[in-house]
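Report on one structure; see the data block that follows.
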Amino acid sequence: MLSILYLIIPLSLIIVVVAVGIFFWAVRTGQFDDLEGPAHRVLDDADADRPDGNGADRNGHR
Amino acid sequence: MSARAVAERLTVYDHPEIQRDFVVPRDGDGHPEAALLIEGIHCGGCVRRCEQALAGVAGVIDFQINLATRRARLVWDPAVVRLSTLLERLSEAGYPAWPYDPRRQELGYRRERNRALQRLAVAGFGMMQVMMFAVALYTGTDMDEDMRRFLRWMSLIMATPVVLYSARPFFANAWSGLRNRQPGMDLPVSIAIGGAYLASVRATLAGSGEVYFDSVAMFTFLLLLGRFLEMGARHRAAAAGEDLTRMLPALALRFDVGGDVQQVPVAELRRGDRVLVRPGESIPADGVIESGISAIDESLITGESLPCTRRSGERVIGGTLNSESPLTVVIDRVGPDTMLAAMNRLLSRAQLEKPRLARLADRVAGWFVAALLLVATGVYLWWVQHASADAFWITLSVLVVTCPCALSLATPTALTAATGALTRAGLLVTRGHALETLARVDHVIFDKTGTLTRGRLQLSEIHSCGELSSKRCLAIAAALEQQSEHPIARALVAGTDERLTADDLRATPGFGLEGMVEGRCYRVGSPAYVAEPSGKAIPEFENPGGTSVAALGDESGVLALFHLTDTLREEARTAVAELRQLGCTVEILSGDSPAAVARMADELDIEQWHGGLTPNGKLARLAELQARGRVVLMVGDGVNDSPVLARAQVSVAMGGGTELARSHADLVLLGERLDRLPSALRLGRRTLTVIRQNLGWALGYNIVALPLAAGGLIAPWMAAIGMSASSLIVVLNALRLSRVMPSRRRAAGSTTADRKTLTETAA
């Protein structure tokens, strides 16, 4: 009955690796650089106009 | 400056050689990433508006502004849009962006912090997993052997990256410490981590014996956490000190070969460049005046509150304010050679001189570690003879549980946090010992002019010498002086609400102004200049206390005399009262007339004062006090204060004081707010208290823990918790010091908002 652990535990290790990978990605893309600015951004009304990488804003307007 | 001209100038940033200084390919996809400095960002709303300026522009991949540092990262696709186009857009939106040299310290800090975060992540996740398995291993008494082995192997897998990656800094430091024969805290830590890990690996392979992976992971994580907090304090302290360089303007008007003027970043100026400095603007770098005569406000550097007239051939200093007429200046010192840069070096000096306390802590820590290793070896040998199976983990516990962290970690953190707090409050520390000496101060000496007073003028009395009323004279004078930036002009204009208009204004720099008001020609300025057209003698006037005197006159003679006095700083009274509350005696030593000093002492409720002193006289008084065993804090700003500043145990120079005064002082009061002084004293005392608390805790903890561990009563995981918790406690205690000082109320960018820069007066 406990034999299921032989499957679950290695799975959890894989999940941990994924989690650490995500954390590394976050650090590298500067998620931890500015801890003040995003707090102010929340108060913005119209945040539809933000570059999304293709030169369009969130609503798809160019 | 026309939009076209701006656009043309920005095209220079498309050149690959220029871009090499501030553009790097982004990690990941290789798109170019530019490091920019954005002007005009004061708040979250500005960030949003600025980011909106580039929203929807084709080719912009990412544009992020960091509110805390006013730097921005722009990632774009050069095949779709040019960098200069984007910069132009930003400039049009009111947020001019300039290339920022990413080789500055800040990038290094960012990298250091990111690496620390990554190590923390690996250690943290690893620790949580391993501890989960460890709980199972400890409590599962009837577990079958297969499962036990399986769990041990899983623990090994999770702990290995923690040891090999996260704990690497400990091993590296321990190794370099060994090579330099200076054992540091990392040596026992490395032995413990390495030893525990290897022993656990052996136990896993052999299939029997205890495993300590959980202790290893937890130990690593908690220690890394303590170091991370200390690093944060260090970075914050350093960032606060960088503010001094922001006093230089960001832009300058440079003459090009055709004789036209172009706006360029100050960082681009070179020796031999000719720049135009308009009235109201700051001089961008050290240089010599080529043409023009004007009055320069040099209070930033020399402390002279009255502007000095400078003419062709004379030197001017970068960062000072041009108040009267346009000047053409030939730059001869840029960047590191400027006087402001020299001031910066003063600050760096402080960082090199480790405070006595820190040095002491280092040395004691060294002995401590050596003693600890001896004790550990002794413990091992003893136990091997008595119960060999337990010898290993008992020794491990001993190594882990004793912690010199209060010495190696908490004392530097306390000093760093306190210094950072001082810097954020506008008190730049230039000598390493400043903080500890501040704590012992019991006698404070103030200079008078420029220290207790603003060095800025206020109208105190109007003496009418002709038929016109004082009020009328003041109105006429104010009308003439409306445009001038001279402190006398400002005092006169501030003295009246009447706004008459003056025409045909002609300034004679250094002397005064002449102009027409309501049909009559008047002159305002120095009494000699004003009396000139009429040729009549200047009326007699008394001048108690050496106030400045300006006059108004026309062709019939001098019409009025204006007496202007220096204003006492508003916070001076509270500062003096607070200092007294802290148990200090306050005194004034001044070269001014005793009458003036007496008046000020009376106003500030100070009992001891001496006026009419020569520099030697001040020194003598200081020596007398020190002979009586007083620890003296001297606050001053002038050239004749420098010897006293150097002799006092600790000294503070006003931010606007002379360079000489500043280089001899231990602290520079940049904001010139005297009420920071009592806070600084309190901070110094609190720092010493915190350090003593930490040492006391560390001593008590070690005295209790060491015998327990040697006696085999503490398991490695308990030791790990104990040591890490102790380490964290002392670091957190030290970090409390960051909050003690009131900080200068400033949003990002307010230093440039406080003084007019070129950006506001740009064409």
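Letters go in sequence order (proteins before strands), and every chain restarts at 1.
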Side chains of [X] and [Y]: does their closest heavy-atom pair fall under 4.5 Å?
{"X": "A/I9", "Y": "B/L151", "result": "yes"}
{"X": "B/V122", "Y": "A/F23", "result": "no"}
{"X": "A/F24", "Y": "B/N114", "result": "no"}
{"X": "A/V17", "Y": "B/F125", "result": "no"}

- Does any heavy atom of chain A fall under 4.5 Å from the side chain of B/M147, the backbone, both, or neither of them?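 Both parts, backbone and side chain.
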| task | Please state whether the side chain, the backbone, both or neither of B/Q129 comes within less than 4.5 Å of a heavy atom of chain A. | result |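 Side chain only.
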Query - Heavy-atom pair with the smallest gap, counting every atom of A/T29 and B/R73 - result: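 The answer is O-NH2, 3.7 Å.
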Tell me whether the count of non-hydrogen atoms from other residues, nucleotides or ligands lying under 6.0 Å of CZ in B/R89 goes above 12.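 12 or below, so no.
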Separation between CE of B/M154 and OG of A/S12, rounded to the nearest 0.5 Å:
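It comes to 8.5 Å.
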Handout entry: A/S3 OG to B/F150 CZ distance, which is reported to the nearest 0.5 Å
Key =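 A/S3 OG to B/F150 CZ: 11.0 Å, rounded to 0.5 Å.
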### salt bridge (Lys or Arg N to Asp or Glu O under 4.0 Å) partners of residues 76-85 of chain B, not counting sequence neighbours, each pair once
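Found B/D14-B/R82.
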